[in-house]
Amino acid sequence: ETGVTQTPRHLVMGMTNKKSLKCEQHLGHNAMYWYKQSAKKPLELMFVYNFKEQTENNSVPSRFSPECPNSSHLFLHLHTLQPEDSALYLCASSQENAGDGYTFGSGTRLTVV
Amino acid sequence: EDQVTQSPEALRLQEGESSSLNCSYTVSGLRGLFWYRQDPGKGPEFLFTLYSAGEEKEKERLKATLTKKESFLHITAPKPEDSATYLCAVQGSNYQLIWGAGTKLIIKP
């Protein structure tokens with residue numbers, strides 16, 4: 001496989017559930033990102049990992065917990081979410097400093113009920 | 001404060017009707033301006049990077065231009081398959097990307 005792969009594509013979860021989103025990149029990039037995309041709003045950066053180390057946490061609530069076990073894999077662990085957390089969650093990767101932009105996965109459409 | 005504003009929010013064109021999308025920005029130390037295309041239910045797909053004022057890049061019916069304050073994405077003789085949301089982002093001196101809210105383009109046959 002090439003590019004950035006995200007699973008699952010769709011997820012419906014109750015507010016008391018625990019679930020995880022997975023992202024995998026096969027591009028040899030050093031940086032990986034989680035973004036939240038809501039309708040008619042700019043992409044919201046959530047977390048940044050460079051060489052497996054978290055370098056950015058944009059005041060994201062603790063109910064979102066990232067994990068980066070190696071430079072090719074990124075997870076977003078979810079627990080006790082709120083309905084307003086329903087959105088498209090996008091994973092992206094880039095070379096260090098993102099000079100050539102990001103490569104995005106297809107996203108996970110999350111619905112919290 | 002770094003900021004990106006895209007206009008219009010939505011644009012409806014007839015097939016073959018050329019037009020332009022605008023991306024206005026303020027950023028400290030522009031390192032690059034990026035254009036992406038996003039289809040419904042998918043992640044953004046990279047189109048262009050522009051690095052300095054006066055630079056232009058083309059791909060099929062799309063042409064991106066850059067000045068010190070804004071970028072335009074010109075669409076010439078569009079087809080229905082060009083329908084998508086077009087996103088603009090700038091990278092400043094801190095290397096983070098600042099995103100606009102996008103322009104939804106609809107091309108009617």
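By convention in this document, chain letters (A, B, ...) are assigned in the order of the sequence lines, proteins followed by strands, and residues within each chain are numbered from 1.
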Hey, does A:Tyr102 have a side-chain heavy atom less than 4.5 Å from the side chain of B:Leu97?
yes
Separation between CG (A:Leu45) and CD1 (B:Ile98), nearest 0.5 Å, reads 8.5 Å
Side-chain heavy atoms nearer than 4.5 Å, only ILVMFWY residues, links allowed to pass through others: does that put B:Leu87 and B:Leu73 together?
no
State, with a plain yes or no, whether a side-chain heavy atom of B:Gln96 is found less than 4.5 Å away from one of A:Val48.
yes
Is it the case that one hydrophobic cluster holds both A:Leu78 and A:Met32, taking links as side-chain heavy atoms less than 4.5 Å apart, direct or via other members?
yes
Tell me, for B:Gln38 versus chain A, whether the close heavy atoms (under 4.5 Å) come from the side chain, the backbone, both or neither.
side chain
Under 4.5 Å, counting heavy-atom pairs only, tell me which of B:Gly100, B:Gly32, B:Pro44, B:Gly41 racks up the most with chain A.
B:Pro44
Could you have a look at A:Arg109, A:Gln37, A:Glu44, A:Arg9 and say which one has the most heavy-atom pairs with chain B under 4.5 angstrom?
A:Gln37
Answer yes or no: does atom CZ of B:Arg61 have more than 12 heavy-atom neighbours from other residues, nucleotides or ligands under 6.0 Å?
yes
Under a 4.5 Å heavy-atom cut-off, does chain B meet the side chain of A:Tyr35, its backbone, both or neither?
side chain
Contact class of A:Lys40 relative to chain B, heavy atoms under 4.5 angstrom:
both
Are B:Phe34 and B:Leu21 connected into the same hydrophobic cluster when the rule is that any two of I, L, V, M, F, W, Y join if their side-chain heavy atoms are below 4.5 Å apart?
no
Does B:Leu47 share a hydrophobic cluster with B:Phe72, counting links as ILVMFWY side-chain heavy atoms below 4.5 Å and allowing steps through other members?
no
Just checking A:Lys41: does its NZ atom have more than 12 heavy atoms from other residues, nucleotides or ligands closer to it than 6.0 angstrom?
no
Going by heavy atoms in the side chains, are B:Lys42 and A:Leu88 under 4.5 Å from each other?
no
Side chain, backbone, both or neither: which part of B:Glu9 has a heavy atom under 4.5 Å from chain A?
side chain
Before giving the answer on side-chain contact (heavy atoms from CB on, under 4.5 Å), spell out for A:Phe104 and B:Tyr36 the whole-Å C-alpha distance, their side-chain angles and the decisive distance to 0.1 Å.
CA-CA 10 Å; A:Phe104 285 88; B:Tyr36 285 81; 3.9 Å; yes
Using non-hydrogen atoms and a 4.5 Å limit, figure out which bit of A:Gln6 sits close to chain B: side chain, backbone, both or neither.
neither
Check for me, please, whether A:Leu76 and A:Met15 land in the same ILVMFWY cluster - side-chain distances under 4.5 Å, paths through other members count.
yes
